[in-house]
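Data first, discussion second: the structure below is written as structure tokens.
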Amino acid sequence: MKLRKNYNAAGSKPTPVQLTVPAGCAGLRLDQALAHLLPEYSRSRLALWIKAGQATLDGRAVQPRQKVRGGEAIEVVPSVDPETLAHRAEDIPLDIVFEDASLLVINKPAGLVVHPGSGNWHGTLLNALLRHVPALAGIPRAGIVHRLDKDTSGLLVVARTLPAQADLVRQLQARSMKREYLAVAHGRIARDGKVDAPIGRHPVTRTKMAVVARGRQAVTHYQVLERYANTTLLRCRLETGRTHQIRVHLGSLGHPLIGDPAYGKRNSGIVFPRQALHAERLGLLHPKSRKPMSWHAEPPADLQELIAKLRGVVPAAHSSLITHHSSRR
């Protein structure tokens, strides 16, 4: 199976800065002397660099409190605060499904983070959008109105103007925007159904979400497309858009997604490098023309390969096409 691209690969290394401690800094601490020599950086940041070994005195790693005599050689390797990179344009290719003066519809690959955040300050969809449409720098979140998880592929809409963004947000709030996903879940699911269960932060593992009594309302409809030996292909339709909603809801039913690192089953015998989830269909009213529009994105190669392998364990007569199906068997 082909490895997904690393969109967050590190850039080029920063250039070291060579300095000499002037006589006027004699007796100062190293961090104080550096604050005098490099006033564009805060003393707290300089102290962090010293502690991390990014600043040396006569070639030796020292502590910020080390006093200088004057005449010593200092080498500093600056590092950029990652948050300062969050809204920079980056040359990341985009699979653009539709584009006009109001909208962009993107087919996001798995592995691409949508919005910068902790641990992913660059190499995101937002950075790519700013390169493609520099004017998006003047719109909150570069026009992004809804997200997909890093390892979920598929369709996502971006507003190119403030009025379009406001209108799309209203459509999301009114639950009139149509979002449908293909999902491969563990176990044989008997029939179509709906999960109406509130989702909030996990009470113990704060990086995860869970069905919790005090969570926000979340509604997911699911439709059985195909059943295999011990897995089921579903189409899921969102009424709401909570973080990890499909992943949490299916997990709460005892049918977590194949490959889900946070909510899935360990040692299931099915190897897949990400959650088996793809945003297949997107429908909305154009914010300017008010005409209904819809888009469809075929699942990427890795998910198609998984489905093909799962289909191989049942007779062909019991399998149906993804887009032409009967949900009752």
Side-chain angles (χ1 to χ4, degrees), residues 94-110 114-115 125 141 143-149 152-161 163-185 189 191-199 216-226 232-250 253 257 275-300 303 307 320-328:
L94 291 172
D95 182 0
I96 298 172
V97 176
F98 174 83
E99 181 175 12
D100 68 4
S102 299
L103 299 178
L104 274 168
V105 177
I106 306 295
N107 185 13
K108 187 189 85 68
V114 170
H115 197 278
L125 175 64
R141 300 175 300 281
I144 296 168
V145 295
H146 67 114
R147 301 186 186 188
L148 297 177
D149 295 336
T152 297
S153 56
L155 296 172
L156 180 146
V157 65
V158 177
R160 291 190 57 163
T161 67
Q165 187 179 48
D167 186 85
L168 291 173
V169 169
R170 284 193 292 268
Q171 291 188 49
L172 281 168
Q173 292 171 342
R175 304 184 183 182
S176 60
M177 187 180 293
K178 295 179 172 57
R179 291 167 292 163
E180 295 185 354
Y181 295 69
L182 284 180
V184 186
I189 299 175
R191 60 184 62 85
D192 303 347
K194 179 178 82 169
V195 184
D196 186 346
I199 290 177
R216 301 175 68 188
Q217 184 190 22
V219 180
T220 304
H221 300 262
Y222 59 91
Q223 186 176 29
V224 174
L225 302 184
E226 299 178 11
T232 304
L233 176 66
L234 301 168
R235 178 169 288 126
C236 298
R237 178 172 60 85
L238 295 181
E239 275 193 33
T240 55
R242 309 305 176 209
T243 300
H244 300 173
Q245 179 171 317
I246 292 173
R247 300 165 65 187
V248 171
H249 272 171
L250 290 179
L253 296 178
L257 293 177
Q275 62 263 14
L277 188 63
H278 172 68
E280 178 194 34
R281 296 177 178 178
L282 175 67
L284 51 84
L285 288 179
H286 191 280
K288 192 169 184 179
S289 71
R290 310 313 297 166
K291 292 181 178 179
M293 304 188 74
S294 62
W295 299 271
H296 173 272
E298 291 292 329
L303 190 54
I307 293 169
S320 60
L321 296 175
I322 294 174
T323 52
H324 300 86
H325 62 273
S326 171
S327 61
R328 306 283 184 189

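Residue numbers run from 1 in the order of the sequence given.
In terms of heavy atoms, Leu250 sits closest to Ala185 at CD1-CB, 4.5 Å. Residue Cys236 comes nearest to Ile246 through the heavy atom pair CB-CD1, 3.8 Å, listed as atom of the first residue, atom of the second, then distance. Contact record, Pro287 with Ser102: CG-CB, 4.2 Å, taken as the closest heavy-atom pair. Across every non-hydrogen atom of Thr152 and Leu277, the tightest pair is CG2-O, 3.5 Å. The two atoms that bring Ala297 and Ala279 nearest to each other are CB-O, 4.5 Å, heavy atoms only. Among all heavy-atom pairs drawn from Ile106 and Val97, the shortest one is C-CG2, 4.4 Å.
With values rounded to the nearest 0.5 angstrom, Met293 atom CE is found 7.5 Å from Leu284 atom CG. Arg235 CZ to Leu225 CG: the interatomic distance, rounded to the nearest 0.5 Å, is 5.0 Å. Taken to the nearest 0.5 Å, the CD atom of Gln165 stands 11.0 Å off from the CZ atom of Arg170. Summarising the geometry, atom CH2 belonging to Trp295 is positioned 15.0 Å from atom CD belonging to Glu280; distances are rounded to the nearest 0.5 Å. We find the CG-CG distance between Leu156 and Leu148 to be 5.0 Å, quoted to the nearest 0.5 Å. The CZ atom of Arg237 sits 8.0 Å away from the NZ atom of Lys178 when rounded to the nearest 0.5 Å.
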Side chain to side chain contact (heavy atoms under 4.5 Å, CB included) for Leu155 and His296? Distances and angles first, verdict last. CA-CA 8 Å; Leu155 296 172; His296 173 272; 5.5 Å; no
In sequence, state the C-alpha distance, the side-chain angles, and the governing distance for Leu172 and Leu168, and then conclude on side chain to side chain contact (heavy atoms under 4.5 Å, CB included). CA-CA 6 Å; Leu172 281 168; Leu168 291 173; 5.8 Å; no
Would Ile199 and Arg216 count as a side chain to side chain contact (heavy atoms under 4.5 Å, CB included) here? Give the steps. CA-CA 5 Å; Ile199 290 177; Arg216 301 175 68 188; over 6 Å; no
Is there a side chain to side chain contact (heavy atoms under 4.5 Å, CB included) between Asn107 and His278 once you walk through the steps? CA-CA 10 Å; Asn107 185 13; His278 172 68; 4.1 Å; yes
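Counting heavy atoms from C-beta on, the side chains of Leu257 and Val184 never come closer than 4.5 Å. At least one side-chain heavy atom of Glu99 sits under 4.5 Å from a side-chain heavy atom of Arg160.
Under a 3.5 Å cut-off, the side chain of Lys194 and the backbone N or O of Val219 do not form any donor-acceptor pair. The backbone N or O of Leu285 sits less than 3.5 Å from a side-chain atom of Gln171, completing a donor-acceptor pair. When atom types are taken as modelled, the side chain of His249 and the backbone of Ala197 share a donor-acceptor pair closer than 3.5 angstrom.
In summary, Arg290 and Asp167 engage in a salt bridge, as defined by a charged side-chain N under 4.0 Å from a carboxylate O. Between Lys288 and Asp100, no side-chain nitrogen of the basic residue sits less than 4.0 Å from a carboxylate oxygen of the acidic one, so the salt-bridge criterion is not met.
Between the side chains of Gln245 and Thr240, at least one donor N or O sits under 3.5 Å from an acceptor N or O.
Partner of Leu238 under the side chain to side chain contact (heavy atoms under 4.5 Å, CB included) criterion, out of Arg175, Arg179, Glu180: Arg179 alone.
Aromatic ring orientation, Phe98 versus His286: perpendicular (interplanar angle above 60°, classes split at 30° and 60°).
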